[in-house]
Amino acid sequence: MTSTTSTPATPGSIEATAALLRSELPQLEAQQQTLEKELSAVTGRLDSVRTALTALQTLSVTPAAQAAAFVPEPTVSPEAAPAAAEDTAAPVRTREPRKAKAAETTPESKRRPAAKAATAKPAKAVKATAKKADAAAEDDKNSGLTEQILDVLAKAGSNPVRAREVAQVLGRDETPGSINAVRSTLDRLVGSSRAHRAGRGLYQASSS
């Protein structure tokens with residue numbers, strides 16, 4: 001009978017493998033950050049498009065739009081009909097009914113552009129209101145998140161933390177978009193000197 005023996009991994013091979021993995025780690029982190037930024041941009045654009053579609057759908061059923069679609073036709077009273085027939089029969093007044101018709105249709109043609117302008121004003125007002133509401137909501141959201149992140153950094157003290165760790169402490173979803181929002185807020189805090197970088201991807205409360 002022959003016995004087989006396994007050759008244990010040498011320290012040199014383990015160190016070489018670890019060094020290879022360490023050299024690959026920065027590239028993977030950079031690629032992850034790029035993908036998270038792209039996903040955040042797409043998510044923001046998707047929310048804007050949905051808001052615009054909702055505003056347009058609401059506008060399409062407003063009374064102003066219904067009024068613009070309905071234009072009353074000019075009516076002729078029964079008493080005026082015989083008089084118009086007599087004027088048509090007279091050789092000298094053959095052109096007067098045409099003038100009367102032109103006089104009746106001219107005010108209507110002037111009213112239609114006014115109706116279109118009336119529908120354009122509510123559309124602009126709805127869009128402007130939607131933009132202001134979105135901006136106010138975004139400011140409130142960013143302000144609340146900033147205060148929460150500052151509180152987490154203050155509790156961490158001298159221990160640097162990553163954006164993912166801050167998101168976990170805040171109980172946020174561990175999705176790329178959510179973590180990227182936390183990272184963007186941390187970067188703004190660093191830019192305003194309310195926090196500083198303690199290393200690659202590490203953040204710490206400002207000492208001042």
Side-chain angles (χ1 to χ4, degrees), residues 17-65 118-208:
T17 303
L20 180 62
L21 294 176
R22 291 193 193 97
S23 64
E24 186 181 1
L25 185 60
Q27 298 178 357
L28 294 176
E29 289 179 349
Q31 185 178 5
Q32 181 185 15
Q33 292 179 1
T34 301
L35 293 176
E36 289 176 352
K37 290 180 179 179
E38 293 178 355
L39 178 59
S40 177
V42 172
T43 302
R45 178 59 180 169
L46 179 60
D47 293 340
S48 299
V49 172
R50 287 177 175 173
T51 301
L53 286 175
T54 302
L56 292 176
Q57 290 175 357
T58 303
L59 179 64
S60 64
V61 296
T62 56
T119 57
K121 291 182 179 179
K124 293 181 180 179
V126 170
K127 291 182 180 179
T129 303
K131 288 182 179 179
K132 291 181 180 179
D134 292 342
E138 188 67 20
D139 291 340
D140 294 341
K141 182 178 178 181
N142 292 336
S143 178
L145 180 60
T146 300
E147 296 300 327
Q148 292 176 357
I149 291 177
L150 285 174
D151 184 60
V152 173
L153 293 178
K155 291 180 179 178
S158 59
N159 297 323
V161 294
R162 296 183 180 274
R164 184 181 297 275
E165 296 172 348
V166 175
Q168 291 176 352
V169 173
L170 296 178
R172 296 173 64 89
D173 297 334
E174 296 186 12
T175 58
S178 179
I179 296 174
N180 186 64
V182 174
R183 182 178 291 106
S184 299
T185 304
L186 287 168
D187 291 337
R188 287 196 298 269
L189 291 174
V190 172
S192 60
S193 300
R194 303 176 70 183
H196 70 274
R197 297 183 187 272
R200 183 181 180 83
L202 295 175
Y203 300 88
Q204 193 175 13
S206 179
S207 57
S208 58

Hey, what do you get for CG (L202) to NE2 (H196), rounding to the nearest 0.5 Å?
-> 10.0 Å
Atom of S193, atom of S206 and distance for their closest heavy-atom approach = O-OG, 3.3 Å
Should E38 and L35 be marked as a side-chain contact (heavy atoms from CB on, under 4.5 Å) after you check the CA-CA gap, both sets of side-chain angles, and the distance that decides it?
-> CA-CA 5 Å; E38 293 178 355; L35 293 176; 4.0 Å; yes
Distance, nearest 0.5 Å, that separates CG of L153 from CG of N159 = 11.5 Å
Distance (rounded to the nearest 0.5 Å) between K155 NZ and L150 CG = 12.5 Å
S192 and L189: which non-hydrogen atoms are nearest, and at how many Å?
-> OG-O, 3.2 Å
When rounded to the nearest 0.5 angstrom, what distance separates OG1 in T146 from CG in L186?
-> 9.0 Å
E165 side chain near I179 side chain, heavy-atom distance below 4.5 Å | no
Hey, which of R183, E36, R172 is the one that makes side chain to side chain donor-acceptor pair (under 3.5 Å) with S178?
-> R172
Q204 side chain to S158 backbone, donor-acceptor under 3.5 Å | yes
Kindly determine whether Y203 and R162 satisfy side-chain contact (heavy atoms from CB on, under 4.5 Å), including the steps that lead there.
-> CA-CA 6 Å; Y203 300 88; R162 296 183 180 274; 6.0 Å; no
Going by distance alone, is a donor N or O of one side chain under 3.5 Å from an acceptor N or O of the other, for T185 and R188?
-> yes
Which atoms form the tightest heavy-atom contact between A181 and L145, and what is the distance?
-> O-CD2, 4.2 Å
Closest heavy-atom pair and its distance - A163, V182 = O-CG1, 3.7 Å
Interatomic spacing from CG in L28 to CD in Q32 - rounded to 0.5 Å | 8.5 Å
Distance-minimising heavy-atom pair for P176 and L39 = CB-CD2, 3.6 Å
When rounded to the nearest 0.5 angstrom, what is the spacing between CD in E174 and CD in Q168?
-> 4.5 Å
